[in-house]
Number of protein chains: 2
Amino acid sequence: MSADVDKVFKALAAPERRLLLDRLHADNGQTLGQLCQQMNMTRQAVTKHLKLLEEATLVATVWRGREKLHFLNPVPIHDIAERWIDKYERDRLRALAELKTKLEGENNG
Amino acid sequence: MSADVDKVFKALAAPERRLLLDRLHADNGQTLGQLCQQMNMTRQAVTKHLKLLEEATLVATVWRGREKLHFLNPVPIHDIAERWIDKYERDRLRALAELKTKLEGENNG
DNA sequence: ATAATATGCAACCTATTGGTTGCATGTAAA
DNA sequence: TTTACATGCAACCAATAGGTTGCATATTAT
């Protein structure tokens, strides 16, 4: 199962964390040390971001000796897409049309 | 065009604001007063949430006399789905399989 | 005209977030 | 068996978020 939807949304709300996800998407299974590179902050700060991603189950980790490997979990993003995004996508064109007419019709400034 | 992606993600990061979107999705064009009902906070607090939604272009407003009507704009959600979510959805099954084998194979606690 | 309604704006308070530094611990390499 | 490396943990700090109260303003109803 996927984590609390709110935790997922909150985890995705920071560009630093989305960047970490993007980097895992490009190269899965990286260590903390690798993920720290190119991040403009201390290792400890990166750890905190990864902790939030883990608590949202967006990232899972495995120890290999003294190194911690990080893997992307695609489930929560899929769940958000299915349960939340799709609901809005269904009436997208209708809502867009309504928006247009309302803005044109009633607004004068 | 859609707003800054980061503003959209941040706007979606609070359950109160997602609830407001849901309520507009169910009944578009509501006034501030209507939207305040069932929200367990002051009108001014709701206004602040709606301001963030507006700045993310998730909501557009129209004045009708002394009332302010709020309309859903489906564009930013669509953009997030297309530009961001889909990227992860493409390799979903591959990533899931990789995750499984890594967790089973290398982790012992 | 006056009163009621719908909203905006600003100051303020507290909790949370996002970063830091410093130190401890377990693993690998010399 | 030291030394270096990869990471964790905790205290601390500044900035931001999320709420409040109080007051101002414009529109509608009486």
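Atoms considered below: every heavy atom in the structure, side chains included; atoms not considered: hydrogens, waters and symmetry mates. Letters go in sequence order (proteins before strands), and every chain restarts at 1.
Although no hydrogens or angles enter the test, the distance criterion places no donor-acceptor pair under 3.5 Å between the side chain of R83(A) and the main chain of H78(A). In this structure, the side chain of R92(A) does not engage the main chain of P74(B) through any donor-acceptor pair within 3.5 Å. A donor-acceptor pair under 3.5 Å is absent between the side-chain atoms of R64(B) and the main chain of T31(B), judged by distance alone. Of the possible donor and acceptor atoms, none in the side chain of R18(A) sits under 3.5 Å from a partner among the backbone N and O of A11(A).
Side-chain atoms of V59(B) and L24(B), non-hydrogen and from C-beta on, do get closer than 4.5 Å to each other. In this structure, L52(A) and L58(A) have side chains that are not in contact, with every pair of non-hydrogen atoms separated by 4.5 Å or more. At least one side-chain heavy atom of L50(A) sits under 4.5 Å from a side-chain heavy atom of L32(A). Annotation: side chain of N28(B) is not in contact with side chain of H70(B) (no heavy-atom distance under 4.5 Å). At a threshold of 4.5 Å between non-hydrogen side-chain atoms, the residues I80(A) and F9(A) count as touching.
As rounded to whole Å, 14 Å separates atom P of dT17(C) from atom CG of L53(A). Taking atom CD of Q37(B) as the reference point, atom P of dT5(C) lies 14 Å away to the nearest angstrom. To the nearest angstrom, P of dG8(C) lies 12 Å from CG of L35(B). Rounded to an integer number of Å, the gap from Q30(B) CD to dA6(C) P is 14 Å.
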**Prompt:** Which is it for K10(A) and D6(A) under the salt bridge (Lys or Arg N to Asp or Glu O under 4.0 Å) test, yes or no, and what are the steps along the way?
**Reply:** CA-CA 6 Å; K10(A) 283 192 161 63; D6(A) 192 50; 2.9 Å; yes
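By the 4.0 Å N-to-carboxylate-O rule, K51(B) lies close enough to E55(B) to be salt-bridged with it.
Remark: R43(A), Q44(A), T47(A), K48(A) in residues 40-50 of chain A come within less than 4.0 Å of DNA chain D through at least one heavy atom. Using a 4.0 Å cutoff on non-hydrogen atoms, no part of residues 4-29 of chain A comes near DNA chain D.
In the 5' to 3' direction, nucleotides of DNA chain D lying under 4.0 Å from heavy atoms of chain B begin and end at dG18(D) to dT28(D).
Not counting sequence neighbours, the partners of Y88(B) by the ring pair (Phe, Tyr, Trp, His ring centres under 6.0 Å) test are H25(A), W84(B).
Counting only residues at least two apart or in different chains, side-chain hydrogen bond (donor to acceptor under 3.5 Å, both in side chains) contacts with residues 38-47 of chain A are absent.
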Please produce a list of atom pairs where a protein N or O lies less than 3.5 Å from an N or O of nucleotides 27-29 of chain C.
| residue | atom | partner | partner atom | Å |
| --- | --- | --- | --- | --- |
| dT27(C) | O2 | R66(A) | NH1 | 3.2 |

